[in-house]
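Input: a single structure, listed below in structure tokens.
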Amino acid sequence: SATTFIAITPALVADMVGYPIMAVTNTSAAAVGAYSPDTQGPQFLFFNYDANTGLLTLGFDETVNAATLRFKMLTLQSSSANLTAYYQLQRYVSLTALAPVIYVPLDPADLLNIKILLTLATSVNSTFLQMNNLAIKDTALVPNVFNSPTVLQVTNYTADTV
């Protein structure tokens with residue numbers, strides 16, 4: 001709580017008559033009365049895959065730190081359960097975004113290895129992503145890890161035309 005304060009501008013809100021709220025400047029910002037730290041890890045909500053460019057788009061329910069993404073904990077698979085065709089990402093690509101949606105350009109070697117598997121990631125029906133425990137962290141002061149392994153079907157798929 002010693003690091004959490006609020007400052008406001010008159011444009012924030014008006015009373016019922018239309019008068020603006022009085023400003024609270026940075027120099028007189030009010031300290032928070034009670035502070036509850038974020039203790040919940042991010043939840044994996046969706047992913048998109050572009051087979052042309054090798055771009056994975058990962059969506060979460062809160063802001064995540066893309067620099068903490070552990071690529072080897074992501075596996076593309078051809079179904080949600082039956083692992084007839086799958087590929088665990090191997091190559092690290094440096095990411096720095098802090099956002100609820102992060103864009104992951106696949107390493108060219110990973111993209112080639114995915115394309116070699118003829119029944120993997122060729123349509124919406126053959127593109128699933130498994131994200132294992134500890135795959136990514138949020139941006140809390142004490143970062144929380146993704147702690148619920150999830151397999152999701154691709155939301156938006158772009159076919160390989162190259």
Side-chain angles (χ1 to χ4, degrees), residues 1-9 12 26 29-32 34-81 83 85-117 120-162:
S1 66
T3 61
T4 306
F5 297 84
I6 187 166
I8 56 176
T9 68
L12 177 67
N26 290 343
V32 67
Y35 176 79
S36 298
D38 177 4
T39 58
Q40 297 295 313
Q43 297 299 309
F44 184 34
L45 300 178
F46 73 89
F47 84 100
N48 301 327
Y49 178 62
D50 185 326
N52 273 327
T53 63
L55 183 67
L56 275 178
T57 303
L58 308 176
F60 299 89
D61 69 335
E62 65 174 295
T63 299
V64 294
N65 182 351
T68 66
L69 181 63
R70 299 169 78 186
F71 284 78
K72 289 188 176 187
M73 294 191 169
L74 300 177
T75 303
L76 274 171
Q77 34 190 85
S78 58
S79 72
S80 62
L83 296 181
Y86 64 92
Y87 183 78
Q88 181 181 31
L89 297 183
Q90 299 296 312
R91 311 285 189 283
Y92 173 77
V93 178
S94 180
L95 302 171
T96 58
L98 300 175
V101 176
I102 59 173
Y103 301 92
V104 182
L106 296 182
D107 181 89
D110 276 339
L111 184 57
L112 179 61
N113 285 322
I114 292 165
K115 290 180 179 184
I116 288 171
L117 298 169
L120 176 63
T122 58
S123 72
V124 169
N125 295 326
S126 66
T127 309
F128 294 78
L129 184 66
Q130 177 180 342
M131 184 175 293
N132 292 333
N133 287 351
L134 312 177
I136 196 162
K137 296 178 181 177
D138 67 11
T139 58
L141 185 59
V142 177
N144 300 295
V145 295
F146 171 77
N147 57 15
S148 177
T150 304
V151 177
L152 294 178
Q153 186 172 16
V154 69
T155 303
N156 292 304
Y157 176 86
T158 303
D160 180 17
T161 58
V162 179

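Owing to the predicted nature of the structure, the values given are computational and were not obtained by experimental measurement.
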* To do: Verify whether one side chain among Asn52 and Thr161 offers a donor that lies under 3.5 Å from an acceptor in the other.
  => yes
* Nearest heavy-atom neighbours spanning Phe146 and Met131 -> CE2-O, 3.4 Å
* Asked: Got Leu55 and Thr57 here, is their nearest side-chain heavy-atom distance under 4.5 Å?
  -> yes
* In terms of heavy-atom contacts, does OH of Tyr86 have more than 12 from other residues, nucleotides or ligands at under 6.0 Å? -> no
* Asked: Would Tyr87 and Asp110 count as having a side-chain donor-acceptor pair, cut-off 3.5 Å?
  -> yes
* Shortest non-hydrogen contact between Ala97 and Ile102, atoms and distance -> CB-CG2, 4.4 Å
* Measure the shortest side-chain to side-chain distance between Asp160 and Asp50 over non-hydrogen atoms and say whether it is less than 4.5 angstrom. => no
* To do: Working to the nearest 0.5 Å, report the span between OG of Ser78 and CG of Asn125.
  => 11.0 Å
* **Short side-chain to backbone donor-acceptor contact, Asp138 and Val145, under 3.5 Å** => no
* **Close side-chain approach of Leu134 to Met73, heavy-atom, < 4.5 Å** => yes
* Would you say the side-chain atoms of Thr68 pair up with the backbone N or O of Lys137, donor to acceptor, closer than 3.5 Å? -> yes
* **Side-chain touch Leu106/Thr53, heavy atoms, less than 4.5 angstrom** => no
* **Donor-acceptor contact present, side-chain Lys115 to main-chain Ala121, <3.5 Å** => no
* To do: Determine the minimum heavy-atom distance between Leu76 and Phe47, stating which atoms define it.
  => CD2-CE1, 4.2 Å
* Could you check if a side-chain atom of Pro42 sits within less than 4.5 angstrom of a side-chain atom of Glu62, using non-hydrogen atoms only? => yes
* **N/O donor-acceptor pair under 3.5 Å between Thr75 side chain and Gln88 backbone** => no
* List the atom of Ile136, the atom of Ala66, and the distance in Å for their closest heavy-atom pair. => CD1-CA, 4.4 Å
* To do: Mark yes when over 12 heavy atoms from residues, nucleotides or ligands other than Gln40 sit less than 6.0 Å from its CD; otherwise mark no.
  => no
* **Check against side chain to side chain contact (heavy atoms under 4.5 Å, CB included), Thr139 and Asp38** => CA-CA 9 Å; Thr139 58; Asp38 177 4; over 6 Å; no
* To do: Any chance you could measure Asp107, atom CG, to Leu89, atom CG, to the nearest 0.5 Å?
  => 9.5 Å
* Flag for Asn132-Gln130: side-chain donor and acceptor within less than 3.5 Å -> yes
* Between the main-chain N or O of Gln43 and the side-chain N or O of Asp61, is there a donor-acceptor pair closer than 3.5 Å? -> yes
* Dump the intermediate steps for side chain to side chain contact (heavy atoms under 4.5 Å, CB included) on Val104 and Phe71, then the final yes or no. => CA-CA 10 Å; Val104 182; Phe71 284 78; 3.3 Å; yes
* Considering all heavy atoms, the nearest Gln77-Leu120 contact -> C-CD1, 3.3 Å
* Quick one: closest heavy-atom pair of Pro105 and Val93, and the distance? => O-CG2, 3.2 Å
* Taking C-beta and beyond as the side chain, do Phe46 and Val101 meet within less than 4.5 Å on heavy atoms? -> yes
* Structure fact -> Between Leu58 and the options Asn48, Val64, Leu129, Leu45, the side chain to side chain contact (heavy atoms under 4.5 Å, CB included) test singles out Leu129
* Does a side-chain heavy-atom distance below 4.5 Å link Leu141 with Pro37? -> no
* Heavy atoms of other groups near Ile116 CD1, more than 12 under 6.0 Å -> yes
* Evaluate the ring planes of Phe60 and Phe44, with Trp represented by its six-membered ring, and classify them as parallel (under 30°), tilted (30 to 60°) or perpendicular (over 60°). => tilted
